**Student:** 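Handing you a structure now.
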Amino acid sequence: MIKLFNTLGHRKQIFRPQHPERVTMYVCGPTVYSWPHVGNARPAVVFDVLYRLLCHFYPQVTYVRNITDVDDKINAAAERAQLDIDVITRRYIDSYHADMRALGVAPPTHEPRVTAHMEEIIAMVQRLVASEHAYVAAAHVLFSVDSFPEYGRLSSRRHADQRAGARVEVAPFKRNPADFVLWKPSTAEQPGWDSPWGRGRPGWHIECSALAMLHLGETLDIHGGGQDLVFPHHENEIAQSVCAHGGRPLCNYWLHNGLLRQHNEKMSKSTGNMRLLRDELQCHDGETLRYAFMATHYRSPLDWNDDTLLTARRNLDRLYGALRGHPPVAAEQPVAVLEALADDLNTPLALTRLHELARRLKRSTDAAKQRHLAGTLRQGGVLLGLLQQDAEQRAAMPSTADPEQVQQLVADRDAARRARDFAAADQLRDCLADLGIAVQDLPDGSSQWSRHSG
RNA sequence: GGCUGGGUGGCAGAAUGGUUAUGCAGCGGAUUGCAAAUCCGUAGAAGCCGGUUCGAUUCCGACCCCAGCCUCCA
């Protein structure tokens with residue numbers, strides 16, 4: 001039994017999919033106009049963990065995460081760089097895929113691109129115009145929020161109370177300032193598609209409604225995204241989809257991950273303190289980043305700074321340290337980890353369970369028990385997308401030192417120790433330390449080495 | 001002005017109406033040629049004021065403070 005916190009209703013609920021064996025999930029993917037940042041990665045990781053959990057409980061899980069490759073920010077980026085739009089979007093899509101791979105994020109079932117589905121988008125807009133939920137004004141098609149009494153329910157807002165146009169100018173042709181664009185005209189230089197309203201391009205929200213419908217049908221089980229999308233993006237998606245589908249709901253369980261901060265300041269484009277994944281991956285392995293995302297509950301804000309990553313790295317090293325010397329064996333998945341995840345994706349508690357397994361493993365002196373605990377620990381890691389690397393390889397991996405040189409120095413030092421020439425042994429240890437290598441002597445006279453942690 | 005979260009030990013961060021969170025860092029010990037790693041032990045906590053209760057960090061109310069949203073954002 002899985003419990004999830006539903007933004008629609010603001011409470012934890014028992015998750016019941018429409019079909020007992022099938023689950024549909026849609027998550028808002030990136031708009032590809034710049035290098036992917038850590039804020040893009042949080043929902044990807046969070047919903048990857050949910051995807052793994054759902055696959056554990058349900059035989060058929062269909063997961064759709066779109067790529068928005070039509071957007072004015074993309075046009076602006078292309079113009080700035082004096083490059084074709086396709087070159088820009090291709091570059092950032094490739095980068096997104098590479099970063100997701102590094103983070104251990106499994107590909108979704110479908111990853112539709114908006115440009116590949118203009119027909120579906122235009123058809124949906126047509127339906128909304130025909131049913132008078134949308135109107136044409138100044139070559140734009142706008143959704144009329146007054147035609148949808150439920151507008152504002154997801155975000156608990158009555159739009160009469162809002163400061164309309166608090167940060168943007170209200171277009172003069174809107175009937176209600178809260179009305180939003182479904183379709184807008186393109187100039188000759190801008191990307192555009194022929195439509196009943198002339199050559200143009202879709203507004204921001206319609207693509208998710210159309211793509212969700214295309215792959216998953218009218219009503220989804222789960223829809224996810226960042227908390228910043230609750231309003232207006234998801235509110236608008238609901239309005240469009242419900243009105244286009246005869247009043248049937250767009251989704252039953254709305255999930256939203258918390259946003260990132262840096263030193264208690266919000267991390268965002270406007271404050272200019274975004275950290276890019278490609279930069280973070282220069283200094284840390286993807287699994288460390290993944291651990292950092294999971295060390296805080298997904299709905300809480302996450303303060304992302306150097307200390308966050310250092311702590312994640314040390315914690316992860318501890319888990320891998322417990323696995324050293326224990327090759328993978330078949331084992332069952334730890335119930336305690338599963339239970340933590342099933343309770344609204346409590347990843348911090350799940351990690352605690354992993355640490356408890358690691359402690360029991362290190363404490364045990366019984367070889368059979370150790371094998372079993374190591375297997376269980378790795379299985380717990382499978383649920384979280386962690387601990388699947390070879391523990392020995394990982395201990396050495398991020399070092400820039402020449403492996404043969406390291407092996408030679410370690411062997412020399414072992415020999416010196418056997419000869420009880422401790423002065424020479426200590427000197428060799430200093431040499432290794434300069435290369436970023438820490439040596440640990442084992443009880444049997446041999447030694448084990450790893451890169452310095454921290 | 002409206003709306004939404006949250007304030008837990010040095011740090012990060014969960015659970016919980018009474019009992020050890022966990023990890024990192026600290027301290028003491030074991031181990032070690034010395035270390036490291038590891039193990040054992042140990043200290044340290046709930047913004048503030050009321051209320052409910054035999055008992056509240058946990059429930060209720062007020063206050064203070066922090067963060068986010070009100071059509072750029074994951």
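The chains referred to below are lettered A, B, ... by the order of the sequence lines, with proteins before strands, and numbering in each begins at 1. Not measured: the values here are computed from a predicted model.
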**Student:** OP1, OP2 of B:A67 versus side-chain N and O of A:Asn264: anything below 4.0 Å?
**Tutor:**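 For A:Asn264, the contact criterion (side-chain N or O under 4.0 Å from OP1 or OP2 of B:A67) is not met.
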
**Student:** Under the rule for side chain to side chain donor-acceptor pair (under 3.5 Å), what residues qualify as partners of A:Arg417, not counting sequence neighbours?
**Tutor:**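 For A:Arg417 the side chain to side chain donor-acceptor pair (under 3.5 Å) partners, ignoring immediate neighbours, are A:Asp414, A:Asp441.
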
**Student:** I want to verify a distance call: between B:C39, B:G33, B:A67, whose nearest atom is closest to the A:Arg261 side chain?
**Tutor:**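 Given the options B:C39, B:G33, B:A67, the side chain of A:Arg261 is closest to B:A67.
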
**Student:** Would you indicate, yes or no, if B:G6 has its OP1 or OP2 atom less than 4.0 angstrom from a side-chain nitrogen or oxygen of A:Arg299?
**Tutor:**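 Looking at the OP1 and OP2 atoms of B:G6, neither is under 4.0 Å from any side-chain N or O of A:Arg299.
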
**Student:** Quick one: on RNA chain B, does A:Val38 or A:Ser300 contact a more 5' nucleotide (nearest heavy atom)?
**Tutor:**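 Its nearest nucleotide lies further toward 5', so the answer is A:Ser300.
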
**Student:** Counting any heavy atom closer than 4.0 Å, what does A:Asp307 reach on the DNA or RNA strands: base, sugar-phosphate only, or nothing?
**Tutor:**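 Sugar-phosphate: the residue A:Asp307, judged by heavy atoms under 4.0 Å, touches backbone atoms but no base.
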
**Student:** Name the stems with RNA chain B in them: runs of three or more consecutive Watson-Crick or G-U pairs, distances under 3.5 Å?
**Tutor:**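 Result, WC/G-U stems under 3.5 Å: B:1-7 with B:64-70, B:10-12 with B:22-24, B:26-30 with B:38-42, B:49-51 with B:59-61.
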
**Student:** For A:His297 and for A:Phe5, locate the closest nucleotide of RNA chain B by heavy-atom distance; then report the residue assigned to the nucleotide nearer the 5' terminus.
**Tutor:**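 Its nearest nucleotide being more 5', the pick is A:Phe5.
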
**Student:** Applying ring-ring contact (aromatic ring centres under 6.0 Å, His included) as the test, list every pair that has at least one member in residues 260-295 of chain A; sequence neighbours left out.
**Tutor:**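 Matches after skipping sequence neighbours: A:Phe293-A:Trp304.
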
**Student:** Where the side chain of A:Arg359 is defined as all heavy atoms beyond and including C-beta, which of B:C40, B:A74, B:A14 is the nearest nucleotide?
**Tutor:**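 Nearest to the side-chain atoms of A:Arg359, counting from C-beta on, is B:C40.
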
**Student:** Name the nucleic acid region contacted by A:Met294, choosing base, sugar-phosphate or nothing; use a 4.0 angstrom heavy-atom cut-off, strictly under.
**Tutor:**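 A:Met294: no heavy atom of the nucleic acid under 4.0 Å.
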
**Student:** Please determine if a side-chain N or O atom of A:Lys266 lies less than 4.0 Å away from the OP1 or OP2 oxygen of B:C69.
**Tutor:**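 For B:C69, OP1 or OP2 has a side-chain N or O of A:Lys266 closer than 4.0 Å.
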
